[in-house]
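Convention: sequence-line order gives letters A, B, ...; per-chain numbering from 1.
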2 protein chains.
Amino acid sequence: MSDDERASQSRTTYRHGDLRGALIAAGVEMAREGGPRAIVIREATRRAGVSPNAAYRHFADRDALLKAVSDTCLGLAADRIEQEQAAHPKTGDAVADARLQLRTVGLGYIAFAREEPGLFRTAFSVPDDLRQALSPAKAGVNGLTPFQLLSLALDALVDSGALLPARRENAEFLAWATVHGLGMLVIDGPLRGLTDPMIDFATERLLDMVDRGL
Amino acid sequence: MSDDERASQSRTTYRHGDLRGALIAAGVEMAREGGPRAIVIREATRRAGVSPNAAYRHFADRDALLKAVSDTCLGLAADRIEQEQAAHPKTGDAVADARLQLRTVGLGYIAFAREEPGLFRTAFSVPDDLRQALSPAKAGVNGLTPFQLLSLALDALVDSGALLPARRENAEFLAWATVHGLGMLVIDGPLRGLTDPMIDFATERLLDMVDRGL
DNA sequence: CGCCGATGTGTACACTGTCCACTACCTAGG
DNA sequence: CCTAGGTAGTGGACAGTGTACACATCGGCG
């Protein structure tokens, strides 16, 4: 019987084993269904089979738990982006590949927002800062954060010659803002009622716009 | 002594006069400082000088109040956009004016996000739908919603010949998503730490991108 | 004038975040 | 091997929240 198994059912030991991780996992699950507002300390401890106050050994307060869950969600976003990139193999043409790499970042990002709106909203429900955009806590399984994946794509674009170095600086902001906005508007902004094909189409046009306008 | 004055201090009448409006106003004030999460029924009733349950005569639950406050915030955003437009008088050149009109929508939108982050977040904290984007509840003092202001700007762009009609369809989504994303990232996303000039610069570049890429 | 529907009050309950004192356990040092 | 001390989890308590239910008050309409 592994530690995980022991932790998930009624445990026999006094110590939990990985309560911090269990609380975050519970938080992710609640966020998946109800967004950031659904993250509730007492419910998380209940799911971890532990008394409410045990959470305070690992998180200063609810906001600290929310922050940890939010970081985890960003990591999941990174995973989704990488999954999209894996689904679009390179062709060998450096320029085309670089442009595709940037496009897949956007596609994966939007896909994550649409597939996991609760997690997406949670990821951005907590004030952040550029200095922390590279924090390993926000990274996916491959150790890269969404911001890093975007930066890499833009670097590749410059390397291939498809983007002038003068236009490279801070291009992250433009690309990110564009795609982020679409994600937000699609999941609970005015674009919510749109059919899937319509969203697909809008996504393509948006990415075209970035491609052309960057 | 006006109704407003009577309502704001300890009232003498049993009836409040405009409790619904007072609760929304209180909600806006709380949202201004603490965002959507700070909107609290009991506190709103306290500020209105009324018992907690009185709110339930006017709102089904907290979410209903939140929704009403959110709509009001959208109206305030519309006002801020119109203010920006008023600050950029027309030149007489139809093409230049149309492009400026679109740009001022973006500028006003971002300005609102930066000046009133709490209200901005509140405006988009409630799931919405395109069918309600024109609802008068979301309109500013001139009766237009932000969405309508954007649509008008795009129409002007087509009329002036600066935008091909084929590209007009659903262009709202692209323009809105772009600017909305920047707003979100600036107020509590990774772009938060940026200095004002940096944000100004990013805004200009973003609007250039839309102008070029639409 | 009297009644009735709309508006506000009072009481109550379940639930939350979080503080405090306490307990069970693990482990390093003798 | 035993003990001291820190770490992790428990139990009880409190203030504050959303909200249901029954009741009080009042303005306007017949």
* Asked: Counting only distance, no hydrogens or angles, is the base of C:dG17 paired donor-acceptor with the side chain of A:Arg42 under 3.5 Å?
  -> yes
* State which of C:dG17, C:dT9, D:dT17 makes the closest approach to the side chain of B:Ser51. => C:dT9
* Where the side chain of A:His58 is concerned, which of C:dG17, D:dT19, D:dG9 is the nearest nucleotide? -> D:dG9
Measure the distance from [atom1] on [X] to [atom2] on [N] and round it to the nearest whole Å.
X: A:Ile41; N: D:dT17; atom1: CD1; atom2: P; answer: 18 Å
X: B:Tyr56; N: D:dT17; atom1: OH; atom2: P; answer: 11 Å
X: A:Met30; N: C:dT16; atom1: CE; atom2: P; answer: 10 Å
X: A:Leu19; N: C:dC25; atom1: CG; atom2: P; answer: 16 Å
X: A:Arg46; N: C:dT16; atom1: CZ; atom2: P; answer: 5 Å
X: A:Asp18; N: D:dA8; atom1: CG; atom2: C1'; answer: 13 Å
X: A:Glu43; N: C:dC15; atom1: CD; atom2: C1'; answer: 11 Å
X: B:Arg20; N: C:dG8; atom1: CZ; atom2: P; answer: 13 Å

* Taking only Lys NZ, Arg NE, NH1 and NH2, and the carboxylate oxygens of Asp or Glu, determine whether A:Asp208 and A:Arg103 approach each other closer than 4.0 Å. => yes
* Over all atoms of both residues, closest heavy-atom pair of B:Leu182 and A:Ala177 -> N-CB, 3.4 Å
* Structure fact -> Nearest heavy-atom approach of B:Phe120 to B:Gly183 is CE2-C, 4.1 Å
* Asked: Are A:Arg57 and C:dT18 close enough that a side-chain N or O sits under 4.0 Å from OP1 or OP2?
  -> no
* Could you label the plane-to-plane angle of the B:Phe124 and B:Trp176 rings as parallel, tilted or perpendicular, counting under 30° as parallel and over 60° as perpendicular? => perpendicular
